[in-house]
2 protein chains.
Amino acid sequence: MNATGVIVEYNPFHNGHAFHLEQAKKVSGADTVIAVMSGNFLQRGEPALVSKWKRAEMALKFGADILFELPYQFAVQQADIFASGAVSILEAAGCRSLCFGSESGNMESFHQTLSFLEEHNPVYQERVRLHLDSGFSYPKATSMAFLDLRPEDELVDLSKPNNILGFQYLRAASTQKSSMKLFTIARKSAGYHDEQFSSDSIASATSIRKALFSENGEIEYIRQYVPESTYQGLLQYREEFGGFHYWEQYWPFLKYRLVHLQPEELRGIYEMEEGLEHRFLAAAIQADSFQQFMEKIKTKRYTWTRLQRACIHILTNTKKTDMPNKPIKAKYLRLLGMSKNGREYLNRHKSDLQLPLISRISSQAVQQLHLDIKASRVYAMAIDGELQRTLLQKEFKQPPIMIN
Amino acid sequence: MNATGVIVEYNPFHNGHAFHLEQAKKVSGADTVIAVMSGNFLQRGEPALVSKWKRAEMALKFGADILFELPYQFAVQQADIFASGAVSILEAAGCRSLCFGSESGNMESFHQTLSFLEEHNPVYQERVRLHLDSGFSYPKATSMAFLDLRPEDELVDLSKPNNILGFQYLRAASTQKSSMKLFTIARKSAGYHDEQFSSDSIASATSIRKALFSENGEIEYIRQYVPESTYQGLLQYREEFGGFHYWEQYWPFLKYRLVHLQPEELRGIYEMEEGLEHRFLAAAIQADSFQQFMEKIKTKRYTWTRLQRACIHILTNTKKTDMPNKPIKAKYLRLLGMSKNGREYLNRHKSDLQLPLISRISSQAVQQLHLDIKASRVYAMAIDGELQRTLLQKEFKQPPIMIN
């Protein structure tokens with residue numbers, strides 16, 4: 001069997017994702033799609049709308065064959081480490097190709113961009129340093145440095161979010177000497193960060209979430225932008241757990257931590273840069289909501305996303321010593337779910353997998369997965385009462401989702 | 001001026017306390033009463049009904065002249081360390097005497113009991129060990145060991161809670177070679193743990209709290225058992241902060257900590273004995289309330305109080321390395337409030353104080369008081385919204401309460 005890989009968050013799974021899956025099979029000639037998906041907390045430093053189990057189920061119902069969890073170590077991370085974990089999982093799962101969406105849509109440009117940057121690396125790094133020293137955030141500094149080098153037109157515009165991620169996938173695949181062939185698919189209609197609906201059937205996940213949380217947010221309103229299975233899945237989750245997850249639900253816990261953590265303890269948390277800790281501690285006392293808190297700590301030097309990730313790490317008490325601080329490979333394949341076709345693929349390729357496959361948490365896996373378990377436990381705290389217990393126990397009780 | 005000292009929690013200040021203050025002056029011949037009072041968390045491992053500032057104010061309005069805070073290091077502690085901190089503060093403040101309430105009411109018996117136990121110490125310790133090995137809690141084991149020695153009738157009954165505390169005060173004063181003369185006053189009517197009202201005007205703090213939190217708990221109901229100033233003070237606090245503090249308000253935060261703490265982190269918390277951590281972690285996942293949690297972790301070996309204290313330490317992230325594990329002396333006098341008479345006392349005796357007097361938190365005091373600051377911050381988390389900010393900032397903004 002021939003599998004292609006995709007790297008996703010599915011927050012939530014929508015028509016654009018469905019289109020991407022369809023195209024992925026087409027361009028790669030694969031018969032199986034393996035998705036590596038962030039768990040309950042996402043790269044932008046946010047809780048997922050609904051749990052990873054529900055998101056896996058929604059994806060399996062609409063075209064994905066196998067869902068692996070991108071471990072917390074890689075999921076709540078800057079782009080290069082995120083990419084290295086995701087690419088290594090797809091490679092270990094035996095994917096022959098990797099398909100990613102991008103604004104560019106031209107794979108050749110990506111390869112040229114990688115070569116160009118490798119060639120000009122010393123000058124590039126110098127420019128990045130210069131912009132960082134002027135107080136710009138890291139993503140802004142790299143994007144400015146790239147423009148400084150006056151690349152020719154054919155190169156990829158590395159100020160666009162999906163181009164950046166795609167470029168990181170290519171670089172990770174290159175560094176890891178991956179055997180996968182990379183394809184890129186031009187994203188349809190909606191930009192990654194678009195907040196407005198701009199087409200009849202395609203909308204960004206951002207605009208869908210925005211609609212779900214808007215004041216008179218009727219779930220009905222998003223129906224045209226998502227497969228019916230997503231729509232039903234979201235309805236069920238809301239029914240079962242009383243709503244969707246969002247940052248403000250975790251604010252009391254984050255604040256509680258911040259009002260009693262010592263500066264030196266805070267400094268030990270991953271992504272807390274020197275000096276940021278006093279800013280965080282002072283803002284926590286003053287703020288009545290997460291939004292207020294974020295506005296108080298935001299500066300030019302750090303992106304909103306970066307600061308939100310630091311907040312997630314405080315919430316989960318994830319220390320510098322718990323996380324890789326440079327791109328590394330994943331160490332396990334955590335199976336969240338599979339279709340009938342996906343099951344067949346795993347049966348056939350079981351012995352070719354290059355990493356241990358974890359489908360249930362055994363006692364020896366507890367240590368290895370402790371960041372993921374912790375993240376799921378903290379994620380559950382947004383829910384009240386007995387339902388919270390259901391979510392708290394899911395990590396140990398939930399078998400992989402099976403869709404026929 | 002001649003000051004006598006009392007050791008209190010005032011949760012809340014009631015007629016029995018007023019009687020005790022009156023008697024304390026009488027038996028000691030003092031013109032000034034200095035009270036050392038637990039802060040926002042109490043010896044039984046509970047949040048105080050209202051903040052230490054409000055409790056100080058209520059006490060000052062009804063007979064106390066100076067209120068010092070018993071630091072968290074001593075307040076949320078087993079009886080011997082609690083006593084050592086409190087006694088050392090009163091001694092350092094220049095008290096000539098210390099008056100404590102007891103079931104016994106006979107000071108001579110206390111002295112005899114101390115001599116008796118010192119004399120029989122080896123046998124006593126052996127008996128304590130024996131009962132501990134049979135699985136009894138420490139307080140139960142000491143009380144049984146005492147009875148095993150078949151003391152004569154004149155000795156103090158060390159199974160009674162106020163007798164135990166009084167005995168610890170005497171022992172601390174003796175160990176510290178305190179110059180204070182000790183007096184004991186028989187407690188009127190209400191037993192320490194009595195839950196029922198048993199007289200027209202005297203009720204235990206336990207029964208008053210119970211009435212305040214009972215289902216149709218009308219604050220009016222407690223009016224006859226407390227001075228009018230307490231009654232008004234409680235009304236004001238409830239008005240200002242929306243209610244009184246109780247354990248269940250802190251349960252979400254305790255649970256949040258317990259669901260994501262690693263066993264080895266939990267083992268580092270003060271009063272977490274080896275083996276208890278797995279019990280705590282498993283119970284946290286299962287329990288939907290603090291009461292349920294406590295029932296799940298309770299065993300014969302540990303008293304309810306002891307386990308509640310461990311919970312407070314988890315909540316405040318107080319580590320074994322933060323706390324004295326044997327009786328030591330306090331290092332500062334934290335002034336919560338004073339009457340006109342108290343101010344005069346402090347003016348006159350300023351140079352005689354044997355410890356630094358802290359009336360406002362300066363930047364160098366922050367480190368020294370960090371456990372108290374932390375405790376106050378965590379205490380504030382029970383309150384919602386903007387009022388929470390008021391409580392969070394109190395530790396730095398509140399000057400000592402002054403009553404004329």
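Reminder, nothing fancy here: chain letters follow the sequence lines and each chain counts from 1. Just so it is clear, the model here is predicted, and its values are computed rather than measured.
Both the backbone and the side chain of A/Leu315 have a heavy atom closer than 4.5 Å to some heavy atom of chain B. Heavy atoms closer than 4.5 Å to chain B are found nowhere in A/Ser376, neither backbone nor side chain.
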inquiry  = Applying side-chain hydrogen bond (donor to acceptor under 3.5 Å, both in side chains) to B/Lys331 and B/Gln73, what does each step give before you reach the verdict?
reply    = CA-CA 11 Å; B/Lys331 294 194 173 60; B/Gln73 283 207 308; 5.5 Å; no

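The residue among B/Gln388, B/Gln393, B/Glu265, B/Lys374 with the most heavy atom pairs within less than 4.5 Å of chain A is B/Lys374.
With respect to A/Glu395 and A/Arg334, a salt bridge is recorded, a charged nitrogen being found less than 4.0 Å from a carboxylate O.
Looking only at side-chain heavy atoms (C-beta outward), B/Glu46 and B/Arg209 come within less than 4.5 Å of each other.
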Enumerate donor-acceptor pairs with a distance under 3.5 Å from any side-chain N or O in residues 280-289 of chain B to protein atoms, sequence neighbours excluded.
unit_1, atom_1, unit_2, atom_2, d
B/Asp288, OD1, A/Arg389, NH1, 3.1
B/Asp288, OD2, A/Arg389, NH1, 3.0
B/Ser289, OG, B/Gln292, N, 3.1

